[in-house]
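This report refers to the structure that appears directly beneath it.
Below, all heavy atoms of this structure are taken into account, side chains as well, without hydrogens, waters or symmetry copies.
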Amino acid sequence: MHAEKVMERQAPNWVLLYQDEIAQLWGRATTYNDPESEQYIAASERRISDAKQVGSVSWPAIPTRRHSSSKVVATR
């Protein structure tokens, strides 16, 4: 896929945060790979797979905290 190849070439600047069978979410490496950043997401918290999407959520799909070590914060 063209978009995927473009992002892979940008790997020093961007990091893959989420992937399933049809979608990818990339974030700036300076933000999401930096443990000092409030937006840091540890590699163990990133969900990278080719898993099939199941279920649905209502809009807006605001994430909830899974546990206290998570740095993901929902904003509006």
Side-chain angles (χ1 to χ4, degrees):
M1 171 181 294
H2 176 69
E4 188 174 0
K5 290 178 184 176
V6 168
M7 291 309 296
E8 287 171 354
R9 285 195 305 266
Q10 298 297 319
N13 301 318
W14 295 86
V15 61
L16 184 60
L17 301 172
Y18 172 85
Q19 175 180 309
D20 62 27
E21 74 171 330
I22 61 171
Q24 289 185 336
L25 176 65
W26 294 77
R28 289 193 181 275
T30 55
T31 300
Y32 297 101
N33 258 357
D34 179 3
E36 299 299 316
S37 169
E38 290 184 22
Q39 321 264 252
Y40 171 70
I41 300 176
S44 62
E45 293 294 312
R46 300 173 190 173
R47 303 295 173 234
I48 314 297
S49 75
D50 289 324
K52 187 173 191 74
Q53 282 192 4
V54 295
S56 63
V57 295
S58 60
W59 180 257
I62 299 174
T64 58
R65 278 198 162 165
R66 284 193 292 256
H67 52 77
S68 60
S69 69
S70 175
K71 300 268 183 170
V72 176
V73 177
T75 60
R76 285 190 174 210

Intermediate values then yes/no, side-chain contact (heavy atoms from CB on, under 4.5 Å), Gln24 and Leu16: CA-CA 7 Å; Gln24 289 185 336; Leu16 184 60; 3.8 Å; yes

Looking at every heavy atom in both [X] and [Y], which two are closest together, and how far apart are they?
{"X": "Glu21", "Y": "Gln53", "result": "OE2-N, 3.4 Å"}
{"X": "Tyr32", "Y": "Gln39", "result": "CD2-O, 3.0 Å"}
{"X": "Ala29", "Y": "Pro12", "result": "CB-O, 3.9 Å"}

Same apolar cluster: Ile48 and Trp14, side chain cutoff 4.5 Å: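 Ile48 and Trp14: one cluster.
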
Distance check, rounded to the nearest 0.5 Å: [X] atom [atom1] versus [Y] atom [atom2]?
{"X": "Ile41", "Y": "Asn33", "atom1": "CD1", "atom2": "CG", "result": "9.5 Å"}
{"X": "Arg47", "Y": "Leu25", "atom1": "CZ", "atom2": "CG", "result": "13.5 Å"}
{"X": "Glu45", "Y": "Leu17", "atom1": "CD", "atom2": "CG", "result": "11.5 Å"}

Asp50 vs Gln19 side-chain heavy atoms within contact, under 4.5 Å: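 Contact flag for Asp50/Gln19 side chains = yes.
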
